[in-house]
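What follows is a set of notes on a single structure, which appears directly below.
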Amino acid sequence: MKTLALAIMTTSLLFSGVSWSAEPERASFDVTVIDAKKTPGEVDPKLEHLKDVLKRSFKGYKSFRQVNRTKFSVDEGASHTTPLVGSQKLKVSLNSGGAKGFLKVHLVSGDLKTTVDVLDGGLFFQAVRGPKGAALVIAIRATRIVKAKTPGSR
């Protein structure tokens with residue numbers, strides 16, 4: 001009876017996609033912090049890669065200036081803290097359980113605590129309140145890092 005239960009449990013794990021030797025996920029992040037203003041102005045040339053989507057997505061804003069941009073990678077279950085502006089920081093975590101083709105990203109900054117399912121390689125925006133009530137737009141691109149297989153691995 002115990003052997004049958006063990007065989008059923010092993011078979012269930014095999015068909016559920018759980019792998020005993022699976023390595024944790026890892027993702028790279030490209031985080032751009034943008035000072036957005038409603039007063040007339042221009043789009044910072046450093047934001048050329050985001051210019052069109054910023055103008056479409058944030059129609060009430062006329063001026064966009066890049067405050068900083070950082071790139072880093074995070075292992076599943078771990079986090080990385082990156083500066084925003086002044087003493088503000090953004091903590092980015094990679095959680096397990098994302099749907100196929102998606103990454104589950106958790107963000108914490110001040111009162112903001114949110115989890116986003118982002119398409120692998122996709123870009124998403126998060127707005128936070130900056131110093132003196134200014135609007136900060138955070139553009140985040142998250143891309144799964146595919147680990148090279150070693151000879152003999154599956």
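Any value given below was found using the heavy atoms of this structure, including those in side chains, with hydrogens, waters and symmetry copies removed.
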Under the 3.5 angstrom rule, does the side chain of [X] hit a backbone N or O of [Y] as a donor-acceptor pair?
{"X": "D30", "Y": "K71", "result": "no"}
{"X": "T32", "Y": "R69", "result": "no"}
{"X": "N68", "Y": "L84", "result": "yes"}
{"X": "N95", "Y": "K104", "result": "no"}
{"X": "H106", "Y": "T114", "result": "yes"}

Are [Y] and [X] connected into the same hydrophobic cluster when the rule is that any two of I, L, V, M, F, W, Y join if their side-chain heavy atoms are below 4.5 Å apart?
{"X": "L136", "Y": "F58", "value": "no"}
{"X": "L112", "Y": "F125", "value": "no"}
{"X": "V118", "Y": "V137", "value": "no"}
{"X": "V108", "Y": "F29", "value": "no"}
{"X": "L50", "Y": "V116", "value": "no"}

Tell me the closest heavy-atom pair linking L90 and S109, and the distance in Å.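 Scanning both residues completely, I find the closest heavy atoms to be CD1-CB, 3.9 Å.
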Compare all side-chain heavy atoms of [X] with those of [Y] and state whether any distance is below 4.5 angstrom.
{"X": "L107", "Y": "I140", "answer": "yes"}
{"X": "L54", "Y": "Y61", "answer": "no"}
{"X": "I34", "Y": "I138", "answer": "no"}
{"X": "R144", "Y": "E25", "answer": "yes"}
{"X": "V105", "Y": "V92", "answer": "yes"}
{"X": "F64", "Y": "D44", "answer": "no"}
{"X": "S93", "Y": "V74", "answer": "no"}
{"X": "L94", "Y": "L103", "answer": "yes"}

Check step by step if side chain to side chain contact (heavy atoms under 4.5 Å, CB included) holds for K55 and V43. CA-CA 9 Å; K55 286 186 170 187; V43 177; 3.7 Å; yes
S63: side-chain contact (heavy atoms from CB on, under 4.5 Å) partners, not counting sequence neighbours: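 Listed in chain order: K37.
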How far does [atom1] of [X] sit from [atom2] of [Y], to the nearest 0.5 angstrom?
{"X": "R129", "Y": "D111", "atom1": "CZ", "atom2": "CG", "value": "10.0 Å"}
{"X": "L123", "Y": "R141", "atom1": "CG", "atom2": "CZ", "value": "4.5 Å"}
{"X": "R65", "Y": "D35", "atom1": "CZ", "atom2": "CG", "value": "5.0 Å"}
{"X": "Q66", "Y": "H49", "atom1": "CD", "atom2": "NE2", "value": "6.5 Å"}

Using the ring of each side chain (for Trp, its six-membered ring), is F72 parallel, tilted or perpendicular to H80, with breaks at 30° and 60°?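 The rings of F72 and H80 lie parallel, inter-plane angle below 30°.
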Any side-chain donor paired with an acceptor under 3.5 Å for S73 and S28?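 Side chains of S73 and S28: no pair found under 3.5 Å.
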If you group Ile, Leu, Val, Met, Phe, Trp and Tyr whenever their side-chain heavy atoms sit less than 4.5 Å apart, what else falls in with L119?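 Taking Ile, Leu, Val, Met, Phe, Trp and Tyr as members, L119 shares its hydrophobic cluster with F102.
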